[in-house]
Amino acid sequence: MKTQPGTEKRPFGIRDSLAYAAGDFGCNMSFALKGTMAIFWTQFMKMDSVLYGILLILVQVWDAINDPLIGTIIDNDKRTNYKRGKFLAYIWLGSIGLLVGGAMCFIPFVQNATNLIKSIIFVAGYIIWDAFYTIANVPYGSLLSLISDKPADRASLSAWRSVGSLVAQVATMVLLPVLIYDANNNIKGDVVFYTALIMGGIGFLAFQYMIRNTVIRVDENAKCNEDAPKFNLLVALKNFAKNRPAVGATLAAMGMFLGMQGATTAVTVMFQSYFKNVALSGVVTAFAMIPIVLFTPLARKLVVKYGKKELATMGSVCSVAACVLMLLLPISPSGSGLVIYIFCQLINSLGMGIYSTVSWGMMGGAIDYNEWKNGTREEGTVYSLHSFFRKLAQGLGPSLALFIMAGLGYNEINAGNQLFSVALNMRYLVASLYLVSAVMQFVGLGLIYNLDKKSVEQMNTELAQRHVDEQ
Amino acid sequence: MKKILAFILVAIMVLGMTACDNSEPSVAVLWAEGDVAMIPNSLINSMDRAMYIEHISYKYYGANGDQAKQIAQAKEALNAGTKILIVELIDSTATQSILDLAKAKDAYVVFFGCEVDASAQSYSKCITVTTDSDSMAATCFDLVSEYVIANTEIKKPKDGDMDLDDDGKISYVTVGEIELAGTQAIEKDKKGEPKLKKDGSYSMAVELVKLDAAFADLQLDEETVETTGLFGSTTTYRKLKTADGKVVEMILVADDVQAKDLLIALQSMGMNADQLATCFAPLFTVGNSVDYKALVLEGAPASGEARTAHLEKNKFLCDLTGVKEEDLAQMIFTTLNVIDTGRLSGTVIEDEDAIAVTAASVVASILKGEAPQETVYAIPYTTYAN
């Protein structure tokens, strides 16, 4: 095995990137099932939709608490006798739990129990899955900065992380609907359970590959920010609200998640009852990702040429146009209607994808903006508040959508065979949710986020000068 | 950027305007019962969908079982300018009355999903969308044949398969007016063609023998057959026999109402009670009086306030008024739910989606100026089997 001169560590290479990709692949082997939960619990387990929506909000709130809680536990673990390092040890622990953690959210054996029992089973199962997922996912995210301290290596790891995530998502997106729905478009709850167990096993193997092929090259016990001031939430929120780029980028991100996550269940019901072919839903969704896959390699050049704000705003305009077309064009429950829907989704996905490609870069700009205007970066605060709002939107989206669906006639008793009037409502709801998402993105990026290409150049020039002067 | 936005807004406006259609529909649907779809597996729901796919706007009326009301609704619709009446007739004797009203306005009449009398032939602009008994019989025979082939081991007779007396034949009785459209179940390939051996003979063929016996004369044999399954579990099978000792291996029933009564009778004998097929006679029927009580009951909590609330919430699916608690518990689930729980082996039902699609396509043809045939057969039946 090759090692770097003066060290016993293997030089950074493709093996590290593949291992890191395997980690996100493993995470997604349980996360990818999340989109199926609403259909499973309402249609198969026959839980009332509104009840499920309320429980979902509760567990999402817990989710938001769970992350910093487990993050703190990991941070405060000062033991140094881990064979492969602390973070890999926690990932290993998480991977053990995720063998069954995903399946804990889909226990079919209490189908005829009371709503109280089902609620307890759902909440307990979600909390267990969430805990193990966080134990694996939080240190996994931190691992990027420990594998290498070179920016180019970290950029490669970040890109490969996306690859691992994409492969897992596309595979599950395409295969799951074929496996878990019967010929009448009804979900097979017991199949979901066993599928989750199998996916847990695959995820475990992926994690083991990652753990055995990851080399920690940066000291994970290095202390940082020992002199950082005490965190004050109200002050942090106040400063965040004054950071216009941060607010704009966060609003856009919230819009993206509210619409996309919220539409997941409505899309499934639409394919069940409107197009009457739920097995196609995964293929269509995966197909719609093609534009963004083609766009990603060009992203860097386009950003340099046009600017992040300009590019992302144009993306949101494309999404708005696509969603309006989705509302107005005659998308009938037939082959031609499906083609029109796919066409609109291609454009919509491209628009959303453009933003998601540059979103973290835009947050980087927001942090620089803070330093430019106020003299302080407050990096950790801005990122964590941004992440918090993203997570909030991810959690609220499905619940809000479910409440709206119930109001539009969605009856879980009818499972995958809803009344046509309800199916038609779902067709318009999907388009409306995507439209709301696109409009929020446009408002956040086009009207609030104020760092266009010229401003970024000016900001970078002045900050660079300021840094030189400080030296 | 501003120019692009302006262009997009104008395009949206134009699209929105073209999407609006304020003209009165010239098509009316007259339903026999209510006019709003309440149940997914219903003709009215299938029609909503089929008409939407054909982009046909229409007015609708519900007669709630009142033929006189339906005739009055037909008159109202025609006076309002309706050019095509789609009618689910309540009473076939009212065919002429509807036709007379339509003739006066030179309107088309499409009867669907109902019986009509001979007067339907008297008006050139009258079209009947229906199913035919020959197709029903053929579909039923295919259903039974497939089941028999899948559950009979005539080469290696084994306990627990459908051929209880191991004679290589399946003997059956019928209840009501139903006949099988053939006497031999033949193994078929995926394309529906008979599977043949190299010598040209059928890969598998099982003779179907009708026994001349009424169900009331059947008796449960005391003899039991035990088979041992996985993990050492045993299953005990008992046989239904005629008075002269012939084993009954299958029962065909003419409709699902009679099938329900038959299931009650079988269950009182300790048969067809559960999914394990321990004491079981394969039972086939024809019919689709969809019993949503079953769907409601299957989802209901076992007892208490939660059960009452569930039944109350879903009352619109079926009328549970006056049904006693003990009767609810003993209700036989017909059609799909009964099949799912293994008590009924299969049923042939009218394909409402097909009827609705056919009726809608007939209307679309008329609106395009084409003259459809007088009688149009929908793809008539579909099967559900265990």
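What you see is a predicted model; the values in this text were computed from it and never measured.
- Summarising the local packing, OH of A:Y306 is surrounded by 12 or fewer heavy atoms from other residues, nucleotides or ligands at distances under 6.0 Å.
- Judged by distance alone, the side chain of B:R49 and the main-chain N or O of A:Y274 form a donor-acceptor pair under 3.5 Å.
- Atom CZ of A:F343 sits in a sparse spot, with 12 or fewer heavy atoms from other residues, nucleotides or ligands closer than 6.0 Å.
- Neither the backbone nor the side chain of A:N115 comes within contact range of chain B; no heavy atom of the residue lies under 4.5 Å from a heavy atom of that chain.
- With a 4.5 Å cut-off on non-hydrogen atoms, A:L327 does not touch chain B at all.
- Heavy atoms from other residues, nucleotides or ligands lying under 6.0 Å from CD of B:E146 number 12 at most.
- Annotation: the span from A:S421 atom OG to B:Y52 atom OH amounts to 12.0 Å, rounded to 0.5 Å.
- With hydrogens and angles disregarded, a donor-acceptor distance shorter than 3.5 Å links the side chain of B:N45 to the backbone of A:F420.
- In B:E305, the CD atom is not crowded: 12 or fewer heavy atoms of neighbouring residues, nucleotides or ligands sit closer than 6.0 Å.
- Interface residue A:S273: only backbone heavy atoms are found under 4.5 Å from chain B.
- Heavy-atom pairs under 4.5 Å with chain B peak, among A:P330, A:S332, A:P333, at A:P333.
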